[in-house]
There are 2 protein chains.
Amino acid sequence: MTHPPMPLLKGTLDVLILKTLGWGPSHGYAISRWIQQTTGDELHIEEGALYPALRRLEGKGLLDASWKTTATGREAKVYTLTAAGRRQLKAEVSAWSRYVSAMTRALEARPTGAIA
Amino acid sequence: MTHPPMPLLKGTLDVLILKTLGWGPSHGYAISRWIQQTTGDELHIEEGALYPALRRLEGKGLLDASWKTTATGREAKVYTLTAAGRRQLKAEVSAWSRYVSAMTRALEARPTGAIA
DNA sequence: TCTTATACCTTAGTTTCTTATGTATAACAG
DNA sequence: CTGTTATACATAAGAAACTAAGGTATAAGA
């Protein structure tokens, strides 16, 4: 068996949502499934994290929301990236890259003499 | 000018501390400086995050602590990785790797048709 | 003597998760 | 036609782990 899904690192959900919406408008439930699928079920988005995050991003003006009827005939709140959201997406992807680089430097560092 | 230091992603400090102590015993202030230096000043460890984290790890039995006098003649609480701490270090480095892989898959994914 | 660096600690507040619960409808199985 | 699963949203309570801001104390150097 594979690992169970990992808990989210606090602060990484926003960029995942923004990235998903970078492909086009979508609604919460679909966003969550997309993230889960593209990460090979490593990341599981709890609904209690997802919906507040969407409201947060909307409140910051990064997303626009509107109720629509999906292809399957159900009501869903469809989110669209705003221009500010697109800028934020770029910034957060780049911040994530820098963070990974910094962590990698630390986790792969060789000691520079004594750590004291 | 370079970027200001990034805020820590919650959940990444423990592995940084464990990694630092993987090189040998050290005390809080030195650990913090080492992380800051090896990440090229990208990560700045707030003392309000550092000291509680050390106590947390000690409480979990991952570190042992003892007061010692440093080479510069000052009192410092020196932490040492326990056997459990070494195992945890391995586990957390590997968990971080998996997390980065998952995030990378999501952030570099191409859309698989409609996100709906 | 004043400032900076070293070295520790703590509290209050914030953010962002997890867990649990609730609503409602569509689709499908039996 | 009825029960279960999947879809789709939401919220509340609690936990975890930060930031910000303050405090203590000593050593070294200007």
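These numbers were taken from a predicted model, which means no experiment stands behind them. Chain A is the first sequence line, chain B the second, and so forth, proteins listed ahead of strands; every chain is numbered from 1.
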Open item on the list: Strictly below 4.0 Å: does B:Thr70 bring a side-chain N or O up to OP1 or OP2 of C:dA7?
Closed with: yes
Close N/O contacts between protein and nucleotides 24-28 of chain C (under 3.5 Å):
residue : atom : partner : partner atom : Å
C:dT25  : O2   : A:Arg74 : NH1          : 3.1
C:dT25  : O2   : A:Arg74 : NH2          : 2.4
C:dA26  : O4'  : A:Arg74 : NH1          : 2.6

Task: Between CE on residue A:Met103 and CG on residue B:Leu9, distance to nearest 0.5 Å - done: 8.5 Å
Open item on the list: Once side chain to side chain donor-acceptor pair (under 3.5 Å) is applied, do any residues pair with B:Lys60, and if so which ones, sequence neighbours excluded?
Closed with: none
TODO: List the protein contact pattern of nucleotides 8-20 of chain C with one symbol per nucleotide (5' to 3'): B for base contact, S for sugar-phosphate-only contact, - for none; contact means a heavy-atom distance under 4.0 Å.
DONE: BBB----BBSBB-
Open item on the list: Walk me through whether B:Thr12 and B:Lys10 qualify under side chain to side chain donor-acceptor pair (under 3.5 Å).
Closed with: CA-CA 6 Å; B:Thr12 56; B:Lys10 303 184 188 191; over 6 Å; no
Open item on the list: Check whether B:Thr69 reaches the backbone of B:Gly73 with its side chain - one donor and one acceptor, N or O, closer than 3.5 Å.
Closed with: no
- [ ] Using modelled atom types only, decide if a donor and an acceptor are shared between the side chain of B:Ser32 and the backbone of B:Gly28 within a distance under 3.5 Å.
- [x] no
Task: Gap separating the CG atom of A:Leu21 from the CG atom of A:Leu57, nearest 0.5 angstrom - done: 8.5 Å
Task: Separation between NZ of A:Lys19 and CD1 of A:Ile17, rounded to the nearest 0.5 Å - done: 14.5 Å
Open item on the list: Once rounded to the nearest 0.5 Å, what's the spacing between atom OH of A:Tyr51 and atom CD1 of A:Ile31?
Closed with: 9.0 Å
